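In each ligand, atom 1 is the first atom listed, and ligand 1 is the first ligand listed. In what follows, residues are counted from 1 in the order of the sequence shown. Keep in mind the model is a prediction, meaning the values are calculated, not measured.
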Amino acid sequence: MANIIKCRGFVLKTAPFKESSLLASVLTNKLGKVKLLAKGVRRPKSKMCGALEPFSLDEIIFYKREFKDIYTLSDAVIVDGYPEVRGDPHKVSGAMVLCEYFDKTLPTEERDTAAFSGFYRFLRNLRRVNSAGVRALVVGHLIKALSASGVMPHLDNCVLCHVPLSDGNGKVDFSVSAGGVVCSKHHDDTVVLLSRQTIYALRNIYGKSDAAINDEALREIEVFMADYMYVHLNHLNLHSLKHFK
Ligand SMILES: [Zn+2]
C-alpha cells in the first residue's frame with residue numbers, strides 16, 4: 001500500500017547513485033528528514049534537473065511505502081532556490097554547515113517542525129545579511145539548533161552541583177565535557193573561559209529567535225563549539241564547518 005506524499009522540503013544533501021540518479025536527504029515539513037531516490041535526475045533532460053541543489057526549498061511528491069527507508073521521488077519543483085545565497089560563495093559555505101548539521105543529527109522520518117522552521121528562518125536571514133555578518137549568523141543558528149537536538153549548554157549555574165556562580169565581571173569556566181558552566185570545584189581539563197558577555201549572548205540566542213552575536217562572543221563560542229558537538233552529539237564532526245572560514 002503506497003501513500004502519495006506531497007510536501008515541502010529543503011534539500012540537505014545529495015549523492016550520485018548509479019549512472020544517472022541521485023540519493024537525496026530532504027528535510028520536509030510533514031515527515032522530518034526523508035531519504036529519496038531521484039531516478040534519472042542527472043540526465044540533462046530530466047524534469048527535476050536543478051531542483052536538487054543543496055538548501056533549495058522544493059515542492060516534492062513521493063510514494064511512501066511501508067518497510068522502506070528510501071522512497072522514490074516522483075516530482076520536485078523549486079519553490080525557492082535562494083539565488084541571493086547561491087551567488088555568494090561565503091554564504092553557500094555557511095548554508096552547507098546547517099545542511100550537514102541537520103542531515104547528520106536528525107533521525108529519519110520524525111516530524112520536526114522546529115528544525116524545518118529554524119532552517120527556513122536561517123535561510124531568510126542569510127539572504128539578507130551582508131558578508132561580514134554571515135559567520136555570526138551561521139554560528140548563532142547552529143547554537144540554536146543544539147537546543148532542538150536537546151543538548152543546549154547549561155548556563156544558569158554550575159551544571160554539576162547547581163551552585164550559583166558569582167556574578168562578577170570576570171570570566172566563567174565552561175566545561176565542554178560537562179555541558180555547561182561549572183564552579184571551581186567542578187573544574188576539569190575541558191574547561192574554556194567565557195566572558196560574561198558570551199554567556200549573555202548564548203542566553204539571548206536561546207531566548208530570542210534571531211539574536212545577534214558580537215565579535216568577542218563569536219570568537220569564544222568558536223573555541224568550544226566543534227568539541228562540544230563532538231562530545232554531546234555522538235561524535236558529530238562537521239566537515240563543512242572546517243571549510244567555512
Ligand atoms: Zn559545581
| So, F10 versus F55, ring centres under 6.0 angstrom or not? | no
| Does R8 reach the main-chain N or O of L57 with its side chain, forming a donor-acceptor pair under 3.5 Å? | no
| field | Y82-E53 side chain donor-acceptor pair, cut-off 3.5 Å | value | no
| field | Within-2.8 Å protein N/O/S contacts of the Zn ion (ligand 1) | value | C158 SG, C161 SG, C183 SG, H186 ND1
| query | Who passes side-chain contact (heavy atoms from CB on, under 4.5 Å) against A145, sequence neighbours left out? | reply | Y101, F102
| Does H154 use its side chain to pair, donor to acceptor, with the backbone of N157 at less than 3.5 Å? | yes
| Polar side-chain atom of R42 near backbone of S21 as donor-acceptor pair, under 3.5 Å | yes
